[in-house]
Amino acid sequence: MPTGLKRLLRHIAIDVSPLRDSRDYRLLFASGVITMFGTFITMVAVPYQMKELTDSYLAVGLVSLAEFVPMVVCGLWGGAIADALDRRKIIVLSELGLLVTTGALTVNAMLPDPQIWVLYVMGAVSTGISCLQRPSLEAVFQQVVKHEQQGAAAVLSSMRWNFGAIVAPALGGLLVTSFGPAAAYGLDTLSFVVSLVLLWRIRSLPPAEDAAPASLKSLVEGMRYAMSRPDLVGTYLVDIAAMVFAMATSLFPFLADELRAPQALGLLYSAGAVGALVASITGGWAARVQRQGLGVIIAATLWGVAVASSALAPNVWVVFVCIAFAGAADMVSGIFRMTMWNQTIPPELRGRLAGIELLSYASGPMLGNARASLMANFGGTRYSLGAGGLLCVAAVLGLASALPKFRRYDARTDEHALAEKARREATAV
């Protein structure tokens, strides 16, 4: 093999050392694959079922809007309890709660006349539970993975997420169109059962002895810390802007019909994950980038360009390519953001900051899908995609100009990154 090719392969190869070195990370990784598999199937089934029951853009878009308040409240509180309680216990109990909600969706779908309100209520409840769990899951990585392996863990976690995001939506589209939503929800319920078995084996992860109890005061403390760091604020605001203006998965059922390819619904949902998986598999280089702030800005801009381009696509395959490119850009942005968070935030604040992070990467898609549905209601699907993508580019570039510390962030010189690295080294000794 030529020397140049060997060097290129080493540059893009994935570092699997977190899986090799940490048993708990392996269990979390496996659980995440299984859970994501079921969750993405349900992600296809809910809007499909709502469209079949109502044939309304607004009804589909309101599913995301109904999940917004539980996401905000439970995301912040989930961050507070992640720093105050045993994170393993939070993760396991939340997983059990999610199993119950998918079971309720299954039962409702099996009724002769499925109730629309159940989709809204269970969507809100499951979102609330997920947001209670997510900060603990994010904070756990800092505990079970070495400091110098955080970039590699971010790449692996993104690859895990994308594996489910590619296969599951395609299977979900096949299940709901061939066997109905009940089959999709039932498979998701089974995935939570298997995931619970894996999560149960993770060691106890108690809080620090001097951990602040979960309270409004502790939440405010976390928010103050986040606001004191322009680099962190930049990761939140850029991602929110990108998602609010360019996220449009709620349009996929309608776009598939307009392209005269309703059978390609699952393909559209999988497209972003295909691009993201390619970015993950070849993402060894991303773990070595030190200017993550600039990387987030570039990736978010490319995400908006790709979404805007999909508005001009003449057929489902060109749309697929555009969405795949958008997914790759979004995944690179996510790798950079996760690396910054895990390498610079003190462990005693990691859970609360993870709750704030959750608001940034979860609220954006919810509001974005509602925005996309409203714009489509007035101007059509293509108008919503094109205008949203262009607004995304403008917003990201504006934030980049307004946040110079975020744009210039460098892990090699940043005081927070250096302090956390020194702390981890001292703890290891």
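In this text, all values refer to a predicted model and were calculated from it rather than measured experimentally.
Of the possible polar contacts, one joining the Ser191 side chain to the Asp188 backbone as a donor-acceptor pair under 3.5 Å is found. Panel note: side chain Arg201, backbone Leu27; no donor-acceptor pair is recorded below 3.5 Å. No side-chain donor-acceptor contact under 3.5 Å links Asp330 to the backbone of Ala276. A side-chain donor-acceptor contact under 3.5 Å links Gln115 to the backbone of Asp113. At distances below 3.5 Å, not a single donor-acceptor pair connects side-chain atoms of Arg352 with backbone N or O atoms of Val220. Judged by distance alone, with hydrogens and angles left aside, the side-chain atoms of Arg407 form no donor-acceptor pair with the main-chain N or O of Leu294 at under 3.5 Å. In this structure a side-chain-to-backbone donor-acceptor pair under 3.5 Å is present from Trp303 to Ala242. Judged by distance alone, the side chain of Arg87 and the main-chain N or O of Ser136 form no donor-acceptor pair under 3.5 Å.
In this structure, a donor-acceptor pair under 3.5 Å is present between the side chains of Thr249 and Asn369. If you check the side chains of Thr339 and Gln292, you find no donor sitting under 3.5 Å from an acceptor. Side-chain polar atoms of Ser333 and Arg337 form a donor-acceptor pair below 3.5 angstrom. If you check the side chains of Thr102 and Thr189, you find a donor sitting under 3.5 Å from an acceptor.
Smallest separation of non-hydrogen atoms from Pro346 and Glu420: CA-OE1, 3.9 Å. Contact between Ala45 and Ala184 at its shortest, heavy atoms only, is CB-CB, 3.8 Å. Minimum heavy-atom separation, Tyr269 to Met43: CD2-CE, 3.5 Å. Of all non-hydrogen atoms in Leu232 and Ala226, the two that sit nearest each other are CB-O, 4.3 Å. Looking at every heavy atom in both residues, Ile356 comes nearest to Met223 through CD1-CA, 3.8 Å. Annotation for Asp414 and Ala417: closest pair OD2-N, 2.9 Å, computed over non-hydrogen atoms.
Annotation: the span from Tyr48 atom OH to Glu52 atom CD amounts to 4.0 Å, rounded to 0.5 Å. Rounded to the nearest 0.5 Å, atoms CD1 (Ile91) and OG (Ser31) are 8.5 Å apart. The CD1 atom of Ile323 sits 5.5 Å away from atom OG of Ser310, with the distance rounded to the nearest 0.5 Å. Distance check, rounded to the nearest 0.5 Å: CD1 of Ile41 to OH of Tyr185 gives 12.0 Å. If you take CE on Met122 and OG1 on Thr42, they are separated by 13.0 Å, rounding to the nearest 0.5 Å. Taken to the nearest 0.5 Å, the CE atom of Met71 stands 12.5 Å off from the CG atom of Leu132.
In this structure, the salt bridge (charged side-chain N to carboxylate O under 4.0 Å, His left out) partners of Arg203, at least two apart in sequence or on a different chain, are Asp24.
No side-chain heavy atom of Val197 sits less than 4.5 Å from a side-chain heavy atom of Val194. The closest side-chain heavy-atom distance from Phe252 to Val44 is not below 4.5 Å. Side-chain contact between Val140 and Tyr25 is absent, with no heavy atoms from C-beta onward closer than 4.5 Å. Annotation: side chain of Leu219 is in contact with side chain of Trp77 (closest heavy-atom distance under 4.5 Å). Taking the side chain as every heavy atom from C-beta outward, Met50 and Tyr120 approach each other to under 4.5 Å. Within the 4.5 Å cutoff, the side chain of Glu357 has heavy atoms near those of the Ile345 side chain. Between Thr235 and Tyr409 there is no side-chain heavy-atom pair separated by less than 4.5 Å. Side-chain atoms of Leu28 and Leu199, non-hydrogen and from C-beta on, do get closer than 4.5 Å to each other.
Remark: Asp257 engages Lys51 in a salt bridge, criterion side-chain N to carboxylate O under 4.0 Å. Look at Arg229 and Asp231 and you find a salt bridge, because one of the NZ, NE, NH1 or NH2 atoms lies within 4.0 Å of a carboxylate O, short of that distance.
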Q. Given Arg350 and Trp341, is the side chain to side chain contact (heavy atoms under 4.5 Å, CB included) satisfied, shown in steps?
A. CA-CA 8 Å; Arg350 188 67 192 93; Trp341 297 335; 3.5 Å; yes
Q: Would you sort out whether Phe320 and Val274 count as a side chain to side chain contact (heavy atoms under 4.5 Å, CB included), showing the intermediate values?
A: CA-CA 9 Å; Phe320 178 90; Val274 170; 3.9 Å; yes
(Q) Let's go through Phe192 and Leu196 carefully: what are the C-alpha distance in whole Å and the side-chain angles of both, what is the deciding distance for side chain to side chain contact (heavy atoms under 4.5 Å, CB included) to 0.1 Å, and is it a yes or a no? (A) CA-CA 6 Å; Phe192 280 116; Leu196 269 170; 5.5 Å; no
Q | Trace of the side chain to side chain contact (heavy atoms under 4.5 Å, CB included) decision for Val233 with Leu237 | A | CA-CA 6 Å; Val233 172; Leu237 293 183; 3.6 Å; yes
Side-chain polar contacts of residues 93-100 - donor-acceptor pairs under 3.5 angstrom, sequence neighbours left out - could you list them?
{"residue": "Ser94", "atom": "OG", "partner": "Ile90", "partner atom": "O", "Å": "2.8"}
{"residue": "Glu95", "atom": "OE1", "partner": "Gln133", "partner atom": "NE2", "Å": "2.7"}
{"residue": "Glu95", "atom": "OE2", "partner": "Thr35", "partner atom": "OG1", "Å": "2.9"}
{"residue": "Glu95", "atom": "OE2", "partner": "Ser195", "partner atom": "OG", "Å": "2.7"}

Donor-acceptor pairs are to be reported for all side-chain atoms of residues 383-397 against protein atoms at under 3.5 Å, with residues two or more places apart or in another chain.
{"residue": "Ser384", "atom": "OG", "partner": "Arg371", "partner atom": "NH1", "Å": "3.3"}
{"residue": "Ser384", "atom": "OG", "partner": "Ala372", "partner atom": "O", "Å": "2.9"}

